[in-house]
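Note that the structure is a prediction, hence the values are computed from the model and not measured. Each chain gets a letter, A, B and so on, in the order the sequences are listed, and its residues count up from 1.
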Amino acid sequence: MRHDRSIPLIYVAVYAVIVVIVPLIFLVYYSIRVSPSRLFLSVLSASIRQSFLQASISTAISLGTGLLFGILLIIYNGRFKNVIISLLLVTYVLPGIIMALGIISLFGYSSRFWEIIYGNVIYNAPLIAVLAYSTGNSTSIREVYSAKVIGANDSQVVTRFYLPNSLRGGMLGGILSFILSFEGFSLPLIIGGPSFSTMEVMIYEFKNVFPAFSQFPFSTASFLGLLQVVILVVPLYAYLSIQSKSRRNDSSLPPPLRRYNSIALLGLVAFLIFALTPLLGMFIKYPLWQISVVEMTRKLQISMAILLGNTLVFSFVSTFIAFMISIVIVVYRFSFRNQFLILLPLIFSPVTLALSYFLVYGDYIPTSLLIILIFTVIVVPLNIRMMSQAVDTIPLSETYSSKTLGDSTFSTFFKVQLPRIKWEVSTILSLMFITVLGEFSSIVTVYTASTETITVGIYKLLLLRDIRDTYYLTEIFLIVIFISSFVINQLGKSGAVGQA
Amino acid sequence: MVQLDKLRLEGVSKKIGGLDTLKNVSFRLKEKEIKVILGASGSGKTSILNCIAGIIEPDSGSIFKDEKNITHLRIEDRNIGFVFQDLGLFYSMNVAENIAYGLRIRTKDVKEINRKVVEISKVLDIEDHLRKFPSQLSGGEKQLVSLARTLVTGPDLILMDEPLSSLDSFLRNVMRWYIKDIQQKFNISIIYVTHDLADAEILGDTIAILDEGTILDEGKKEEILNHPKTAGIARILGYNLYQKGESSYAIHPSKVLIGGSTKIKIIYRERGIKNNYLVETEYGKINFTSDRELKENDGISLENSVLIP
């Protein structure tokens, strides 16, 4: 219906070829050279079984928990609402390796299946809760009051109005939860051990630990990567097809269920305690003031400055590039076909992505650039989706007013749309930044001695069984995450990206 | 002297979601003319404006402005003002910034921009609100800001999409005359879409009646309002329809006279600013308003009825 010019197919096609098609062709090329021994088949079936089992159970529990707390978020209308949402999002974007270490700090090194599930639920339930809240909260308050006027009670209001609307976002989160748990890496690698290895862990193992498992290097890892792509295509297609539009609910009417405010707050606080306990446990067990950076540096054989520098540079550069790409794509509205091509990199899990990019570009570009490329491709699709949803909440008449007054599409975005969503943009920027900052599975697949980041450092300390220093580095990392995301958030709200 | 068309639509059709929203719509708008497009909700009024502004592209047909084909021209290159139903004010900017927005695109001269903003805000009596944000304004004030923002760039054609629909009766009455006044002062052509007959009566030079995406009739206001050509048009204009012998007639509630040969039975009588009646006649039910009190033996006169061909 819109008359705007969309991005020509040729640009999108070039993007798709570079970031998806060529890496996919390489994966296929390597895969067909795999030698299917009996051992390989048994490893394959065990990892597929684990991926499915962990993903299904985690998703079922996360969906129930997330929906319940999503509805509590809708009901609660107190002053801590934004704080609660931020804390839930923090839980979601926290690096998996930190969550894994947090769980170990609680339960010890016991390698239990249900601890992986607990970790997955802590990750996915907050995401589902926030998504369910965002669609559920768009329920028309006028409709709810109309129902109440003709006799609907509070539970009917929840089941007939809020729950169905929350389900739209909840289902979207559920699909995402399944995909993320299926691609689970840090939790099964660190908590689970060999008996609970998922496909993602095995791809990493066959790439880095046993590259010569078959006669053709990397063919086993490529085969597993390709198989995972094939398995996840269907849920990914479902995820991309579901539109979870939320709209600004500008009604001035009071919230219909405000009398349950305190109960909802209590439930939400309980949920936050459930989700954040592993983190708190870590800080209590290993207080930060006992840290010895010199000792840690000696064990890591790399200076803390280089470790921090690598982490921040890779993250800042890839966040910046991803943000710029996303702006161009969001400004020039794209057709479904183009949108599908742009989101196509989502078919790769981080480890598969890293493996395929290593196979294609590893010999031609420095590892640091390879890492930035991988990080950028990881965050662009989700960033585009979140930005598009934020832009869609602005009334079209504002955009078209600007254009009928003579402004261009690009300028309209910066002058009219961006200032209206600057809070959302700063949140998206922070989320993107934290996501790449904590990226572990992809970088552990391709890093070299000079491109180590903090997550790799944490993992190395863990492999050295130096538990104390592992936790201290993790705590430093958490502080880096909070400070840098705070800075980005402030930048976004105050001007650099948010102002007209 | 031949008067050129400011705007001309030729056979514009548009399908939205598989439905024929506009079917072969054609009309002309002269310089300095206000054309009111009158139609019920869902008749395609907004879609016509969206096609003219370039927000949607017609599937077929052409749109000419000043004899130039603008059917495929970009929105920002058309120089057409648009006052949206929800006004489309920029909520992240204050009133002055809203008004200055279009000027900033056209000139870098800050003094000139400031001068024009102050000038238009004085004309529309909103200079006290320049530092306020849209969320701090009343409905009428928002309306004026939207008008100011549109007028300040000097468009020669303005599209208005039911801009008064959210205002109370008093403000609606005031704003109708305001728009009329503005049009005279700025010598602009306006296409105004509405479902409200009062808007059409006060604002329109010409009227087009739209129903299910089709223009049913178009012409001078007096002609369209007083001589509906079909029962459908009469219905949209609020006429009573009745059958007398083989012929169909229509009479507007304001044209029914008390005292006449048509016998009546009063069904309802409601006293308001005027007297409102629903009466039973030998031709069916008729509703009308009058300043006079009606008694059943007075009868009514239907002599102002219009024969529907």
(request) State whether B/Arg104 and B/Glu97 are salt-bridged, where the test is any N-O pair (Lys NZ or Arg NE/NH1/NH2 against Asp/Glu carboxylate O) under 4.0 Å. (result) no

(request) Using a strict cut-off of less than 4.0 Å between a Lys/Arg side-chain nitrogen and an Asp/Glu carboxylate oxygen, indicate whether A/Lys415 and A/Asp407 qualify as a salt bridge. (result) yes

(message) Heavy-atom cut-off 4.5 Å, strictly under: side chain, backbone, both or neither for B/Leu87 against chain A?
(response) backbone

(message) Quick check on B/Tyr101 against chain A: is it the side chain, the backbone, both or neither that has a heavy atom closer than 4.5 Å?
(response) side chain

(message) I'd like to know which of B/Thr153, B/Ile80, B/Asn79 tops the heavy-atom pair count under 4.5 Å against chain A.
(response) B/Ile80

(request) Taking the six-membered ring of B/Phe90 (Phe, Tyr or Trp), confirm whether the NZ or CZ of B/Arg149 is under 6.0 Å from its centre and within 45° of its axis. (result) yes

(request) Measure B/Arg106 against the heavy atoms of chain A and call it side chain, backbone, both or neither at under 4.5 Å. (result) side chain

(request) Determine, for B/Glu119 against B/Lys122, whether the closest basic-nitrogen to carboxylate-oxygen distance falls under 4.0 angstrom. (result) no

